[in-house]
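Remarks on the structure that follows.
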Amino acid sequence: MSGTDSSFLERILGSGPVVIFRRTKSPEGEVATFVTPNSASIIGYAPADIVGVRNFWTDHVHPEDRAGFVAQTRRALAEKQTVLEREYRFLHADGTYRWLRAIVWVEPTGAAAGELTGYAVDITERRATEEASPRSDQFLSAIVENLPNMIFVKDAKELRFVRFNRAGEKLLGFPREDLMGKNDYDFFPKEDAEFFTAKDREVLENGVPVDIPQEPIETKNGRRVLHTKKVPLMGPDGTPEYLLGISEDITDRTLIEEESEHLNATMRLLLDSTDEGIYGIDTSHRCIFVNRAALDMLGHNAEDVMGKNIHQLVHHTREDCTPYPIEECPINKCFHTGNQVRVDSEVFWTRDRQMFPVEYSSHALMDNGEITGAVIAFQDITERKRAERELDRIFSFSPDLLCVANFDGYFLRLNPEWTRVLGYELEDLTASPFIEFVHPDDVEPTLNEMTTLMTGGKTLSFENRYRCKDGTYKWLLWKALPVPDEGMIYAAARDITERRRAEDELARSNAELEQFSYVASHDLQEPLRMIASYVQLLANRYRGKLDADADEFIGYAVDGATRMQALIHDLLAYSRVGKQRRSESVDTNDIVARVKSNLAASTAESNATINSQDLPVVFGDPHELTQLFQNLIANALKFRGNDPPLVDISAEQQEDMWKFAIRDNGIGIDPGYSERIFVMFQRLHTRGEYPGTGIGLAICHKIVERNGGTIWVESDQDKGSTFFFTLPARSDDASDG
């Protein structure tokens with residue numbers, strides 16, 4: 001590339017969105033020797049403010065970043081690093097700090113030792129949302145592969161090649177696969193190999209870089225002359241582990257051409273290393289430069305774009321498909337004012353006539369104070385736009401009340417559902433602190449919940465009342481997520497007024513029903529007891545003295561009164577479940593022992609065997625659990641087959657629950673009735689076959705549910721039954737009823 005072309009490219013880069021600089025480092029400090037003219041638009045200082053001023057750059061780094069900034073530079077020089085990548089805050093001329101991202105090339109040895117050349121770009125506005133910068137190893141690997149110089153790495157022990165870049169393959173004419181694991185004697189004449197090896201050993205033995213200005217080498221492409229730098233790469237123990245070589249082919253170039261090519265390659269690498277699309281235009285909108293990211297996004301080749309009116313290629317039509325006259329293009333403002341133009345949302349068009357949303361900024365190109373063109377940097381924001389549209393649709397059409405609020409207590413954004421539920425216009429709700437709409441009795445709990453959110457906690461279920469425009473209140477159920485770094489709260493609420501009303505009504509109805517049941521059962525006891533007593537007196541006094549029909553009728557009356565008393569007793573037992581519970585740790589071995597004692601007579605009468613394994617400690621009400629085990633074991637004794645009853649009780653832990661099994665060898669249950677048996681008054685046998693009221697298993701079902709578990713049965717007729725139920729293993733899992 002000619003000197004004129006290089007100067008033109010320098011002007012493009014010097015007027016674009018990056019500031020390019022060169023600094024020298026010495027024991028007395030550092031001094032900038034070159035800064036591109038666009039420094040004033042990026043960091044606020046003109047080159048005259050920077051060049052020649054000792055420690056200007058370091059002194060303007062944020063105090064919190066300065067120590068690391070200085071240490072990194074010193075380490076790079078001490079360890080002979082060649083490339084630095086870093087981000088830091090820099091004091092702008094307006095008194096604010098801006099985030100800069102810098103890539104720096106370091107000259108650790110030779111006449112230019114201590115010289116740093118690189119570029120910096122302002123990433124303040126994009127830092128929070130842009131993709132993470134490539135890690136240094138990936139970045140360096142990309143540089144190694146794309147630099148025009150041959151880069152190779154040898155192991156320090158046998159000087160065998162372990163890394164080779166693309167430029168090296170091209171220069172030597174050998175594929176890198178052939179070079180890996182080999183040394184110089186495998187490819188080059190003996191004299192050349194001895195020379196290379198001697199220099200390698202010198203570097204490794206002395207531990208310092210060696211610069212070889214002219215190094216002849218025989219390649220498959222003929223004799224070449226290289227300018228080579230060899231650098232020791234130290235291991236963790238401080239001794240050389242590898243040798244790094246950087247070779248530049250200087251066979252057919254003058255020193256001026258070499259420096260010009262190196263500068264242009266570096267500038268091209270800088271621009272092609274960014275994921276932003278960048279292109280330059282003259283005042284007629286003809287493209288004079290375009291980077292790889294821009295071509296990839298636009299779907300063009302460089303030949304399609306260079307020298308063409310790029311507005312007509314990519315910016316010719318608006319998003320609504322109406323023409324976009326070039327004179328209305330915001331980029332034109334650069335040509336009139338020289339100021340930066342930023343557009344947050346427009347569309348560019350690809351080669352195949354597809355549009356995509358972009359944000360872009362335009363910087364004027366200056367030459368001796370005259371505007372000669374502009375540099376445009378743009379990003380594809382398709383994914384961001386899609387996410388915003390989806391969020392807007394969800395926000396607008398959600399049946400829940402969605403909102404964004406700040407830590408100051410104000411709504412910032414509300415969806416239309418707020419107006420439908422509360423009756424206010426959205427502007428009314430955002431004009432005042434939201435606590436003003438909360439029911440007075442709910443203010444303190446709401447403020448406590450806000451404190452929890454402001455300290456990073458989540459709200460998963462919180463209820464309070466909000467005042468409607470007509471003065472009534474509605475119950476809202478909240479879920480909220482805070483983002484403390486932004487000072488924001490994202491929340492969703494649901495109108496549960498009708499549910500609360502129904503729950504209150506149901507609670508009142510249940511309370512009244514329970515009271516009625518309890519009172520009615522007690523009131524029935526006394527007259528029923530009197531009827532039963534006198535009927536039994538009749539049976540005892542007149543049995544056999546009246547005719548057979550009278551004896552039969554009296555028997556029916558006695559049986560009916562007895563069954564009625566048992567039914568009322570069981571109904572009272574069912575209604576009492578959960579009334580006076582006390583939850584505590586309960587050893588179920590003790591429960592089973594108590595039940596065995598209670599059922600001793602039935603066990604002896606039926607010649608039954610009750611076995612139990614080592615049972616666990618659970619959390620529940622001791623009285624209710626005793627009733628549960630007693631009902632299930634008593635059923636096993638009652639519904640027995642021809643063989644003596646055999647009952648096995650066991651338990652196994654399943655996460656935070658214990659699963660119990662009470663297995664018997666009785667008459668079994670038809671699987672079709674496995675759900676029905678837990679319903680009150682549901683019987684599978686006549687009272688003549690098996691006495692009872694049909695409430696026992698319903699009581700078991702209620703006890704298990706009250707204690708936080710579930711109950712079910714597995715059985716086949718004539719093959720016995722196994723009743724399973726679960727109980728919490730820990731106290732915090734138990735229900736308090």
Side-chain angles (χ1 to χ4, degrees), residues 13-23 29-73 84-104 116 118-133 270 274-276 278 330-331 333-334 337-345 358-366 374-379 381 384 406-408 410 412 483-488:
L13 294 171
S15 303
V18 299
V19 56
I20 299 174
F21 56 82
R22 180 176 290 128
R23 306 200 302 274
E30 65 175 36
V31 176
T33 59
F34 169 76
V35 179
T36 49
N38 63 338
S39 60
S41 64
I42 296 176
I43 59 175
Y45 304 97
D49 301 325
I50 303 172
V51 174
V53 178
R54 190 171 303 280
N55 292 330
F56 177 89
W57 205 275
T58 302
D59 290 345
H60 283 70
V61 175
H62 193 284
E64 294 178 2
D65 302 338
R66 191 174 298 152
F69 179 90
V70 173
Q72 189 181 24
T73 303
L84 291 176
E85 178 183 5
R86 53 193 177 191
E87 294 183 4
Y88 52 86
R89 290 164 287 183
F90 192 85
L91 181 61
H92 193 274
D94 62 8
T96 63
Y97 280 96
R98 307 287 180 88
W99 275 99
L100 299 182
R101 175 172 177 250
I103 306 295
V104 181
L116 299 89
Y119 79 91
V121 59
D122 186 342
I123 62 168
T124 304
E125 295 181 2
R126 298 174 19 227
R127 182 175 169 85
T129 56
E130 67 182 359
E131 292 291 329
S133 300
L270 290 174
T274 179
D275 55 0
E276 279 190 312
I278 300 176
I331 296 172
K333 294 181 180 179
C334 287
T337 65
N339 296 328
Q340 175 185 354
V341 173
R342 182 175 181 83
V343 177
D344 292 329
S345 181
V358 296
E359 64 176 15
Y360 65 87
S361 59
S362 178
H363 305 258
L365 278 173
M366 308 293 292
V375 173
I376 296 87
F378 67 93
Q379 286 185 316
I381 58 172
R384 190 182 80 190
N406 60 25
F407 283 1
D408 293 333
Y410 283 83
L412 301 179
V483 183
D485 292 344
E486 300 176 1
M488 307 284 275

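All values below come from the heavy atoms of this structure, side chains included, with hydrogens, waters and symmetry mates left out.
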Nearest heavy-atom neighbours spanning [X] and [Y]:
X    : Y    : answer
E359 : D344 : CB-O, 3.3 Å
M488 : F407 : O-CE1, 3.6 Å
P47  : S39  : CD-OG, 3.3 Å
Q340 : S361 : NE2-CB, 3.7 Å
T124 : W99  : OG1-N, 2.8 Å

Rounded to the nearest 0.5 Å, how far does [atom2] of [Y] lie from [atom1] of [X]?
X    : Y    : atom1 : atom2 : value
F378 : E276 : CZ    : CD    : 9.5 Å
D65  : E87  : CG    : CD    : 10.5 Å
I20  : T36  : CD1   : OG1   : 5.5 Å
R98  : L91  : CZ    : CG    : 10.0 Å
L84  : L116 : CG    : CG    : 7.0 Å
T33  : I50  : OG1   : CD1   : 11.5 Å

Quick one: does any side-chain atom of [X] pair with a main-chain N or O of [Y] as donor and acceptor, under 3.5 Å?
X    : Y    : answer
R66  : V61  : yes
R86  : A102 : no
S362 : I376 : no
D408 : Y410 : no

* To do: Check whether the side chains of T58 and E30 place a donor and an acceptor atom closer than 3.5 Å, and report yes or no.
  => yes
* Asked: Any side-chain donor-acceptor pair under 3.5 Å between S345 and R384?
  -> no
Could you check whether any side-chain heavy atom of [X] comes within less than 4.5 Å of a side-chain heavy atom of [Y], counting everything from C-beta outward?
X    : Y    : result
L100 : Y88  : yes
V19  : V35  : yes
H60  : H92  : no
V341 : N339 : no
V104 : F21  : yes

* For the residue pair F90 and Y45, does the interplanar ring angle fall in the parallel (under 30°), tilted (30 to 60°) or perpendicular (over 60°) class? -> perpendicular
* To do: Sequence neighbours left out, what passes ring pair (Phe, Tyr, Trp, His ring centres under 6.0 Å) with Y360? Give chain and number order.
  => H315, F348
